**Q** 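First the structure, then my questions, so here it is.
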Amino acid sequence: MSRLKRMVRNEAGVAPLRGGHALCQGCGIPLVVRTILDSIETPVVVINATGCLEVATTRYPTTAWNVPWLHVAFENTAAVAGGVESAYRALARRGALPQDGPVTFVALAGDGGTYDIGLQALSGALERGHRFLFVCYDNEAYMNTGVQRSGATPRGARTTTSAVGAEALGKAQQRKDMTAIAVAHHVPYVAQAAASHWHDLSEKAERAAHVDGAAFLNVLTNCPVGWGHEPREAISILDAAVDSCYWPLYEVVDGRYRLTYVPEQTRPVADWLRPQKRFAHLFTPDAEPLLHELEERVAREWDELLALAGRNGT
Amino acid sequence: MSRLKRMVRNEAGVAPLRGGHALCQGCGIPLVVRTILDSIETPVVVINATGCLEVATTRYPTTAWNVPWLHVAFENTAAVAGGVESAYRALARRGALPQDGPVTFVALAGDGGTYDIGLQALSGALERGHRFLFVCYDNEAYMNTGVQRSGATPRGARTTTSAVGAEALGKAQQRKDMTAIAVAHHVPYVAQAAASHWHDLSEKAERAAHVDGAAFLNVLTNCPVGWGHEPREAISILDAAVDSCYWPLYEVVDGRYRLTYVPEQTRPVADWLRPQKRFAHLFTPDAEPLLHELEERVAREWDELLALAGRNGT
Amino acid sequence: MSELLRWDELPAGGTLRPEEAERPHTGGWRTGVRPEVDLARCVDCLLCWLYCPDSAIVLDGTALSGVDLDFCKGCELCSVVCPTGAITMVADE
Amino acid sequence: MSELLRWDELPAGGTLRPEEAERPHTGGWRTGVRPEVDLARCVDCLLCWLYCPDSAIVLDGTALSGVDLDFCKGCELCSVVCPTGAITMVADE
Amino acid sequence: MTATRLALDPPRLLTGGQAVAEAMRQVDPDVVPVYPITPQTPIIEGYAALVASGRAHGELLDVESEHSALSAAVGAALAGARTMTATSSQGLALMAEVVYIAASLRAPIVMAVGNRALSGPINIHCDHSDSMLVRDAGVIQLFAESAQEAYDLMVLAPRLAEHPDVLLPVLVCQDGFTITHSAEPVAPLDDDAVHAFVGAYRVPEPLLDVAHPTTRGPFAMPDYYFELRHQLAAAQHAALGVFTELAEEFAEVSGRRYRALEPYALDGAEQAVVCLGSTGGTLKDAVDELRRQGEPVGLVEVRSFRPFPADTLRELLGGVRRATVLDRADSPGGTPPLFADVAAALAGGGVELQSVVYGLGGRDIHPEDIRALLVGEKRRAYLGLRGESCPA
Amino acid sequence: MTATRLALDPPRLLTGGQAVAEAMRQVDPDVVPVYPITPQTPIIEGYAALVASGRAHGELLDVESEHSALSAAVGAALAGARTMTATSSQGLALMAEVVYIAASLRAPIVMAVGNRALSGPINIHCDHSDSMLVRDAGVIQLFAESAQEAYDLMVLAPRLAEHPDVLLPVLVCQDGFTITHSAEPVAPLDDDAVHAFVGAYRVPEPLLDVAHPTTRGPFAMPDYYFELRHQLAAAQHAALGVFTELAEEFAEVSGRRYRALEPYALDGAEQAVVCLGSTGGTLKDAVDELRRQGEPVGLVEVRSFRPFPADTLRELLGGVRRATVLDRADSPGGTPPLFADVAAALAGGGVELQSVVYGLGGRDIHPEDIRALLVGEKRRAYLGLRGESCPA
Amino acid sequence: MREIRWHARAGQGAKSASQLYATAALRSGRYAQAFPEYGPERRGAPLRAYTRVDDVPIRRHDSVARPDVVVVLEPSLVHEVDVADGLADGGLILVNAESPPSQLAGRTVRCVPAGSHSPNLVLAGALAAATEVPADAVARAAIELLGRKVPQEEIVEAVEEGYACLSS
Amino acid sequence: MREIRWHARAGQGAKSASQLYATAALRSGRYAQAFPEYGPERRGAPLRAYTRVDDVPIRRHDSVARPDVVVVLEPSLVHEVDVADGLADGGLILVNAESPPSQLAGRTVRCVPAGSHSPNLVLAGALAAATEVPADAVARAAIELLGRKVPQEEIVEAVEEGYACLSS
Ligand SMILES: Cc1ncc(C[n+]2csc(CCOP(=O)(O)OP(=O)(O)O)c2C)c(N)n1
Ligand SMILES: Cc1ncc(C[n+]2csc(CCOP(=O)(O)OP(=O)(O)O)c2C)c(N)n1
Ligand code: SF4
Ligand code: SF4
Ligand code: SF4
Ligand code: SF4
Ligand code: SF4
Ligand code: SF4
Ligand SMILES: [Mg+2]
Ligand SMILES: [Mg+2]
């Protein structure tokens, strides 16, 4: 059966995340959520951090979710997931589960809830080795509160707290390399993916769900509002992120790096930046050195990644 | 001038951390603190996390500190340090410092305050790139509260919350690789050191203090109480940690790994484990497979480190 | 929106049950255009189904059967990803 | 310990000043032995000074001059690290 | 008290921490997420040893902060597992955000608290500032006077927490060091009696019932927030009645009877002292002594601080002329918390009220000290403080 | 009011958030560590734009959580830099631990708060549960009724915080959305007037004075903790007087006069309403209308919630028969916080007291609603709640 | 006091409209207040905003329950929300439409077709006409608020178009 | 009620001593309480512990201000702390020493040299003798508390040695 057909089958007639939610037109998050949840064959329990996804899908008394879903707060998603998973193990051990059989625990958090305020809980959960899949839908800023900079916001991007003006060209710092940080936790499965590349994402979700231990997925996800693009441009922009090597697709299985996609021809980083209003100021004469620096950094990081992947055999 | 003489000179007659504190007989922490602070030529400001060092040196109305010292809480040392350093930059910019000239900001935290509850604040501070040196004195457990397991506690170690009994052989999980996590933050300077190797530590502290940005030092530090050894054994045990390659000494400068010490002959991991009561149960027949696993892991990690260092040229 | 309930009519702790909960008709958010499917050109590749952020593409088994305009927000993504051009955006009534 | 002060006698916020603050004599913690330095064998390498957890090795410039028994806790580390055997542990009075 | 039905083990000398660990062994929760902090450590260390030796069977989660400890507990409890945790002071402060949420999600977690002063300055000894920090959170707070009471309340707590009309976290509070580290005679129930009393864990619609999905923790706008919050006030109100019922049932197996407010020597009292925690024991000695000396003094010990039994308090103190409320916590620039509750409960009545703050950060209180209070003139006094208190 | 000395810019239509950002531009702090949360975001976004454009000069630290935001603020303030921050709701809850410590370390941080209901359920609208969570922390809390007041208090706050007798964090609270996002006429002072009023930052023994090292934040045992804590009560007490002085000075430049408690139409009032925040404005309209109808009703608006002016309140309400206390926060199973403070302040007096909880999570209150309160019989009513409230 | 309620979809500028109308009032020496209603909804979702104008300082901070005028920037909203809710009988409704929506039958409806212009500016202009505020006060306020994003002429044109529509 | 204060250095077992003496009392049908005083100090630092024994349940939870007996496990402490603080005139002091320290001149001091044995057990035995508690009650309590760490015979021997010292 084709992967998409399997996904349709896994949905069993009702999407885990249904229409009627209040996410923006063209928001990339639902694609990430459905691709991942539809790729998992077992029942799932979703633990969700505060953020656009949570707020926009569960305005009381409405809900867009058709799977068990729990939100506690912003910064503790991995801890909550660890608690749920521990309950599963404890009840399974004494044969007290409401239903027998495997269940996959999926934590969903934005970049804010992963790179920044949720990092510690995530790190602890990775250390303890809970059997769960932590998904960061990384739209590179705090979107829910109105596009403030996060640790995931790339250098040079304009947000409402990394403003552009006479004294500033957007965010001053480099983005955190969250995927590398997860890899440094030596968990069995870490991968980087993009909302645009559903097949790759689906494969990764499936592999992650089968791992015996903690898995981490970092998924680049578009946000028309925060990035400043038309909804219809979502996929082409994400494609450019991947094809420019700004956002390489790879996985690290038991410490071994593997590129899951190598662009046939690397596209210019500007293809990624230019369609987004948050980067508009980079295409002014003043910003030329910065633009240049950003391009160089992408190239260097790509080389480093190639080396990591090469060393361990692709 | 010899390094030690320079250190004496930097102390200028009064140790930054003086006698009269309530740290245990033979505690390794003061050695780490003095070696580092004495290696820094500028005035320092110390920001200290809750833990043995803080509690035992500042029982009101006594203090063992002779440098500006601030403790706020357990989990926020890097954030506090970032605030102090930002104040320095702001006041320097408008010429309002009480004294002109460079100051080095040193954050001191135990493994609990670094690997676990302090990780998020540290990660954020590293991302923002404050110019400060974060030192983790890693004694591999929460000592101040009575030896509970931390993310730094090695697999198999007995602590009061990773007990040994019919159902358990000490801590079940591997230790977090905090040094690797810091490296993944791509800060200019990261190093791993040991209290026993003062010269190496001193050099690293000096280099770290000169870096333009954030630096992180992870220093293995003995604890007679928590490890279960006689005070006088401190140095020989730490030596064994280093010589068995359990705790390699290395630094990562701008992403480049360099081993700062390679044992002439690698000693057995058991040399490190056996003198410590917390590992006593590993030397029973039941624990043989675990002991074996631990030895293999040390060997594998050492190989990986060699590869990392080799790849970038030692 | 149905009538607002009293505190003692609500399940404890804010629990919602998907089968009972309301789902607001967010189709009203469309800003001028809506997708129209030419089933004849459709090859049931299901890409539109997957990419639709509002889960508004309706299937019959594994075959596309239409768009649920109660929920479609008109983002155009289905039409962008459709490999056969089976979906076009047309002016909303 | 000096007399306990009233709340309105204490600097605001618990601030302590090193030059004024008490330093308890933790020499009492020694458990039977204390270091004795044979200055004749000492080569002023300063290792004992550095390793002493209680900053109890007293220098005169860069030369060792003795041990401050008010603070020495008797851990033996100085004697362990001394390369010349200049420090021996002897029974405390 | 029908002694024949009692199911007690002989008394052992146990610290409050040990006693609570023993209760945990007997209740045998499924999931126990913890983070160490003095003086809670004896509880979690005791429990960890029991798990390692196979005598307790819960998943002990050594998490990386208290915020995560309670977060994991919420996840576990709603998933369908009986869940306990323990903390003190900064730990409770760090998890404060989640304490509110745990209550609102109706997660019946039992949390042992070793009360300790909040920083700053940092201090490890007893006061009640930590508990007071979460007094609006919607969680139940029971205060033990002794190790025995800490044990008993810990056995009773799961029933209270999990009662379908309640479904709230229950904090079982004992004074740090004074109880947690103080060894006293404790007569535990036997294991069977505990099992029979506590029964099986049951929450409505556990998350692990994957065949019946629910959405938990949704976003509420002004149109529903007030109503959802008010459920907590109602659950707290229900908890008062449930506590009384459970205390009755507990008395039948243990011979030990608890009340939300414990009156002591109130008959004919003209003055009454109101207090929380271990000081209650000290004051009983003091009251006995004063009574011997002919002073008509009584005591009300607050066992259930949340829900606060305001109506009962009004009844109990109806007859006294003056009540002195002892707070082991201050509110600089505001009102000491227990005093505030008492003043609100008695508002409009004729009882003269005095507020006394004492024992902050482990400052000792002796039975003799109480006499000074009974004649004090200040609206608010600070007992044991060095220096004239302010406002004067 | 000596109009000649006023130094006002013409009124502009500003939201409370914008007004506070404008005050920050004028005060121009050195360090501003922030973490975004609705409805505080307009403040920090406004300030960020000012920094990016070079019109404000502070170090804007975009930290990774509110716990770190306040921690960095403590470090900066003690180091010797004027420091401001802002937060709301969960942010305040997450930093609660540090709020206490900031006060005890006497760090004169100014924090703008956009009051918002605490989770759960999660909600972004106004109530005062967040401020109430830290009411024992030792920090000063001033409540603004309007955008203008938010601006004015934000200008006044550094002086109050940094006063040598005070040295405490000051929270300038405004109702989330109702003020933060509501555009109203605001007449700022001109820049020079602000500079002159605020003056230079000075704290005792800044850490960056490396030639004079100090130890800050030591560990205190039972022998000293009580005394060190009591300094906070004394500083809060001093703050009442300092606030009054500064308000006088502020009135001279602005023509706008503030009081710790603002009485409104209390002359001859038989009933009084006590409230906090933006509701004060709504109630003024309501009181005027009632007075027109011949009802002797007055109002006390609490501007300074911490320090709570208990003595002044006793004076102001000495003459009324009955006082209704409006709490925009509940304490399930306990006492609504403002009511508790008022009851404690009036304890022993003859005023009949009623507690009304309203407006949780942004539930609206209209001037008409107040009439029902004045005749209500319940000791505690829930205004605007759907359903019979509990306890009944 | 005059109370106005604005209906729009998030992103259509109801908040700016409410504020610029208030600013115009302020500039003409009156007092004003403007505030939107916020929720989790995103661009495209129904949204309300309010303006209050009075001759004396406005102290109340409750929402507008009984508006004097309702302005509907987006006609499709009449299918989703009761835009006349709370409006007094005879109260005025301005709608961005060619002809009055059937849902508003029996109400005093004035149509203000915004055409290709920013509906918030056009309707604000129309409201000015309906409430006897000078068009240029609104235009100036709009420039103050939006001048950095929208060209000045466009603003003036849009406001005047709306004004003309109802003053005619 | 009898109140006992124990002085030792952290690590010398004052806490166990206070508890095992209390346990012995409990086993003989009386009521008891035992608690140490905690601080940031580590192994080697001066430390106190307390035991209360009574015939009725003990309810008070304050520290012991006026002990009836003081037990000093570590003689060097007399240089650092006033071990007789609060002790009634004529109150008994047991010291682990060969001869009474000069600091305690004028006090009722009984010396109990613990020799190579665990001073906490020896002194607990001595205290038993001084307070008319049977030696084997203390030994049994000690085995209950410490039996997993210390060989049983050693315990019994130490307790009996102390007991003998003062019952002789
Ligand atoms: C402790 C705390 N601080 C701040 C917030 C406010 N807040 C809610 S969601 C959010 C941003 C979420 O960003 P991200 O995780 O990237 O998710 P996104 O909104 O982009 O989906 C913030 C700052 C909060 N809810 N809790
Ligand atoms: C929020 C919070 N949780 C827990 C504690 C209790 N606590 C204080 S120090 C400490 C352990 C410190 O461990 P580590 O950082 O490794 O330093 P060490 O004690 O080993 O020096 C703990 C758990 C605390 N002070 N604050
Ligand atoms: S703001 Fe961005 S991330 Fe949030 S719902 Fe809208 S498009 Fe999605
Ligand atoms: S417990 Fe360990 S780390 Fe702490 S002071 Fe003692 S030896 Fe040092
Ligand atoms: S236009 Fe967008 S929302 Fe509508 S069906 Fe297509 S993809 Fe879905
Ligand atoms: S994307 Fe096009 S071809 Fe594929 S299923 Fe949809 S309409 Fe049919
Ligand atoms: S014995 Fe230990 S404490 Fe004493 S001087 Fe030597 S090293 Fe220092
Ligand atoms: S270590 Fe030995 S040789 Fe070196 S200074 Fe000390 S006593 Fe002298
Ligand atoms: Mg995001
Ligand atoms: Mg440690």
Side-chain angles (χ1 to χ4, degrees), chain D residues 1-32 34-35 44 46-78 81 92, chain F residues 74-75 77-80 98-109 137-140 161-169 202-239 242:
Chain D
M1 276 275 173
S2 60
E3 216 196 321
L4 294 170
L5 299 176
R6 297 193 316 265
W7 70 266
D8 49 356
E9 294 172 319
L10 308 172
T15 300
L16 293 166
R17 300 178 193 114
E19 72 275 19
E20 297 169 5
E22 297 169 38
R23 285 195 295 145
H25 284 188
T26 49
W29 297 25
R30 283 196 302 280
T31 44
R34 63 177 165 81
D44 290 330
L46 302 181
L47 284 175
C48 58
W49 169 81
L50 183 69
Y51 276 86
C52 174
D54 292 283
S55 307
I57 303 285
V58 184
L59 302 187
D60 179 4
T62 55
L64 185 146
S65 70
V67 176
D68 187 342
L69 289 175
D70 283 350
F71 298 113
C72 162
K73 296 199 188 102
C75 69
E76 307 192 28
L77 281 174
C78 51
V81 300
D92 231 349
Chain F
V74 170
L78 296 180
V98 192
V99 175
Y100 280 73
I101 299 174
S104 79
L105 283 170
R106 313 298 288 276
I109 299 156
V139 296
I140 291 171
E162 297 160 19
H163 191 285
D165 296 342
V166 177
L167 286 173
L168 288 175
R202 208 161 273 125
V203 279
E205 305 178 274
L207 270 181
L208 288 176
D209 187 356
V210 288
H212 301 98
T214 51
T215 292
R216 317 296 282 270
F219 178 84
M221 289 280 288
D223 56 354
Y224 270 108
Y225 179 88
F226 203 171
E227 283 67 35
L228 290 168
R229 285 302 297 174
H230 194 62
Q231 293 187 331
L232 292 187
Q236 284 272 348
H237 186 68
V242 173

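Basis for what follows: all heavy atoms, side chains included, without hydrogens, waters or symmetry-related copies. Each chain gets a letter, A, B and so on, in the order the sequences are listed, and its residues count up from 1. All values reported here derive from a predicted model rather than from experimental measurement.
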**Q** Once side-chain hydrogen bond (donor to acceptor under 3.5 Å, both in side chains) is applied, what residue pairs with a partner in residues 203-213 of chain F remain, sequence neighbours excluded?
**A**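 Matches after skipping sequence neighbours: B:Q99-F:D209, D:R17-F:E205, F:D209-F:H212.
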**Q** Let me know if F:S104 has heavy atoms under 4.5 Å from chain D in its side chain, its backbone, both or neither.
**A**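 Contact with chain D: backbone only.
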**Q** Drop me the distance from D:E20's CD to F:T214's OG1, to the nearest 0.5 angstrom.
**A**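 Separation between the atoms: 11.0 Å.
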**Q** Scan the side chains in residues 66-76 of chain D for donor-acceptor partners under 3.5 Å anywhere in the protein, sequence neighbours excluded, and list what turns up.
**A**
{"residue": "D:D68", "atom": "OD1", "partner": "D:D70", "partner atom": "N", "Å": "3.0"}
{"residue": "D:K73", "atom": "NZ", "partner": "B:H21", "partner atom": "O", "Å": "3.2"}
{"residue": "D:K73", "atom": "NZ", "partner": "B:H21", "partner atom": "ND1", "Å": "3.4"}
{"residue": "D:K73", "atom": "NZ", "partner": "B:L23", "partner atom": "O", "Å": "2.6"}
{"residue": "D:K73", "atom": "NZ", "partner": "D:D54", "partner atom": "OD1", "Å": "2.6"}
{"residue": "D:E76", "atom": "OE1", "partner": "B:R232", "partner atom": "NE", "Å": "3.0"}

**Q** Looking only at heavy atoms, which two atoms of D:L5 and F:E227 are closest? And how far apart?
**A**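 Where D:L5 meets F:E227 most closely, the heavy atoms are O-CG, 4.0 Å.
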**Q** Looking only at heavy atoms, which two atoms of F:P213 and D:P18 are closest? And how far apart?
**A**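 So the minimum-distance heavy-atom pair works out to O-CD, 3.1 Å.
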**Q** Shortest non-hydrogen contact from D:L10 to F:Q231?
**A**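 Shortest heavy-atom contact: O-NE2, 2.9 Å.
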